[in-house]
S.K.: 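The structure under discussion is supplied below as structure tokens; questions concerning it will follow.
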Amino acid sequence: MTTIDAPHQHPYQTQDADTGFMRLALELAARAAAAGEVPVGAVLIHDGIVLGEGWNRPIGTQDPTAHAEIVALRAAAQRVGNYRLPGTRLYVTLEPCPMCASAIVHARVAHVVFGARDPKGGACGSVFDLLPSDGRFNHRTTCVGGVLAEDCAEILRAFFRARR
């Protein structure tokens, strides 16, 4: 079984890398939109290496848990042979929901970077505060939002405008 080093052994990526990985997440969100899914994309990295990618797929897979974050976590866990993913960083175009936030905590993801806030169901402070401040979990994940927020919000707005 492959293991990943503890979260504190590796420095986080720079702000420029945050922007680059968020652009990759936006490309994945565009795949979701092309498939008729809500355009959300996610990338899980460790030491600058992509371990898992995902985009929203609940409609196509008939799986209510197939959010972009969950898909990326599953891909990374398969790649490293472990459901624990310490020291990793998750980039996602939309603030994670409570389901995804719980999965992120259980996977031991160290840090989440998201683009647009979700005023209806975000779990990183918009509606719920599961990441990072909920002390009831035995693992804490830090979280920062607003990276390419306007680009991330616009892909969602355009998708829903086209559906109306």
S.K.: Check whether any side-chain heavy atom of Val38 sits under 4.5 Å from a side-chain heavy atom of Phe160, and report yes or no.
M.R.: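 Answer yes - side chains close enough.
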S.K.: Does Met99 reach the side chain of Thr65, with side-chain heavy atoms less than 4.5 Å apart?
M.R.: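 A side-chain contact exists here, since the closest heavy-atom pair is under 4.5 Å.
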S.K.: Quick one: do Val43 and Leu90 satisfy side chain to side chain contact (heavy atoms under 4.5 Å, CB included)? Show the steps, please.
M.R.: CA-CA 6 Å; Val43 180; Leu90 180 69; over 6 Å; no
S.K.: Could you tell me the separation between the OH atom of Tyr91 and the CG atom of Leu28, rounded to the nearest 0.5 Å?
M.R.: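 Those atoms lie 14.0 Å apart.
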S.K.: I'd like to know if the side chain of Asp63 reaches the main chain of Pro58, judged simply by a donor and an acceptor atom lying under 3.5 Å from each other, with no hydrogens or angles considered.
M.R.: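 Answer holds: no.
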S.K.: Can you find a pair of side-chain heavy atoms, one from Leu26 and one from Ile155, that are under 4.5 Å apart?
M.R.: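 Touching, per the 4.5 Å side-chain cut-off.
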S.K.: Which value, rounded to the nearest 0.5 Å, describes the distance between Phe114 atom CZ and Met22 atom CE?
M.R.: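 One gets 8.5 Å once the value is rounded to the nearest 0.5 Å.
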S.K.: Would you mind reporting whether Val127 and Pro119 have side-chain heavy atoms less than 4.5 Å apart?
M.R.: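 Sidechains of Val127 and Pro119: no contact.
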S.K.: If you look at every heavy atom in Ala116 and Cys152, which pair is closest and at what distance?
M.R.: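 That would be N-CB, 3.7 Å.
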S.K.: Could you walk me through whether His111 and Thr142 pass the side chain to side chain donor-acceptor pair (under 3.5 Å) test, one step at a time?
M.R.: CA-CA 5 Å; His111 191 70; Thr142 60; 2.3 Å; yes
S.K.: How about Leu94 and Leu156: do any of their side-chain heavy atoms sit closer than 4.5 Å?
M.R.: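 Touching, per the 4.5 Å side-chain cut-off.
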S.K.: Taking atom CD1 of Ile104 and atom SG of Cys124, what is their separation to the nearest 0.5 Å?
M.R.: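 Here the rounded value is 6.5 Å.
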S.K.: Between atom NE2 of His139 and atom CZ of Arg108, what is the distance when rounded to the nearest 0.5 Å?
M.R.: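 Between atom NE2 of His139 and atom CZ of Arg108 there are 6.5 Å.
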S.K.: When rounded to the nearest 0.5 angstrom, what is the spacing between SG in Cys100 and CD1 in Ile70?
M.R.: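 Going from the SG atom of Cys100 to the CD1 atom of Ile70 covers 4.5 Å.
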S.K.: Quick check on the hydrophobic clustering: are Val50 and Trp55 connected, directly or via other members, by side-chain heavy-atom contacts under 4.5 Å?
M.R.: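 Shared cluster, yes.
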S.K.: Where do Pro39 and Ala33 come nearest, in terms of heavy atoms and distance?
M.R.: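 Minimum heavy-atom separation between Pro39 and Ala33: CB-CB, 3.8 Å.
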S.K.: Rounded to the nearest 0.5 Å, what separation is found between the OG1 atom of Thr93 and the CG atom of Asp118?
M.R.: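 Rounded to the nearest 0.5 Å, the OG1-CG separation comes out at 10.5 Å.
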S.K.: Tell me whether Arg23 is salt-bridged to Asp16, with the criterion being a basic N under 4.0 Å from an acidic carboxylate O.
M.R.: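 So Arg23 does not pair with Asp16 through a salt bridge.
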S.K.: Assess the residue pair Val105 and Leu131 against the criterion (side chain to side chain contact (heavy atoms under 4.5 Å, CB included)); give the C-alpha distance rounded to whole Å, side-chain angles, the decisive distance to 0.1 Å, and a yes or no.
M.R.: CA-CA 8 Å; Val105 168; Leu131 301 177; 3.5 Å; yes
S.K.: Between Phe21 and Val113, does a side chain to side chain contact (heavy atoms under 4.5 Å, CB included) hold up when you go through it step by step?
M.R.: CA-CA 9 Å; Phe21 286 120; Val113 178; over 6 Å; no
S.K.: Report yes if the side chains of Leu44 and Glu69 come closer than 4.5 Å at any heavy-atom pair, otherwise no.
M.R.: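 Heavy-atom side-chain distance check fails, nothing below 4.5 Å.
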S.K.: Using atom types as modelled and distance alone, determine if a side-chain donor or acceptor of Arg117 lies under 3.5 Å from a backbone N or O of Ala149.
M.R.: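 Judged by distance alone, no pair lies under 3.5 Å.
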S.K.: So that I can tick it off, tell me whether Arg79 and Glu53 are bridged by a salt bridge, with the cut-off set at under 4.0 angstrom between side-chain N and carboxylate O.
M.R.: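 No, this pair does not count.
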S.K.: Please indicate whether Arg161 has more than 12 foreign heavy atoms, meaning atoms of other residues, nucleotides or ligands, lying under 6.0 Å from its CZ.
M.R.: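 More than 12 within 6.0 Å, yes.
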S.K.: Taking all non-hydrogen atoms of both residues, which atom of Phe159 and which atom of Gly36 are closest, and how far apart?
M.R.: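 Between these two residues, the closest heavy atoms are CZ-O, 3.8 Å.
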S.K.: With a 4.5 Å cut-off on side-chain heavy atoms, are Val92 and Pro96 touching?
M.R.: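 Counting from C-beta outward, Pro96 and Val92 do come under 4.5 Å.
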S.K.: Could you check Lys120 against Glu95 for salt bridge (charged side-chain N to carboxylate O under 4.0 Å, His left out), going step by step and ending with a plain yes or no?
M.R.: CA-CA 10 Å; Lys120 294 185 178 182; Glu95 181 180 4; over 6 Å; no
S.K.: Using a 4.5 Å cut-off on heavy atoms from C-beta on, say whether the side chain of Leu130 contacts that of Phe137.
M.R.: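 Yes. Closest side-chain heavy atoms under 4.5 Å.
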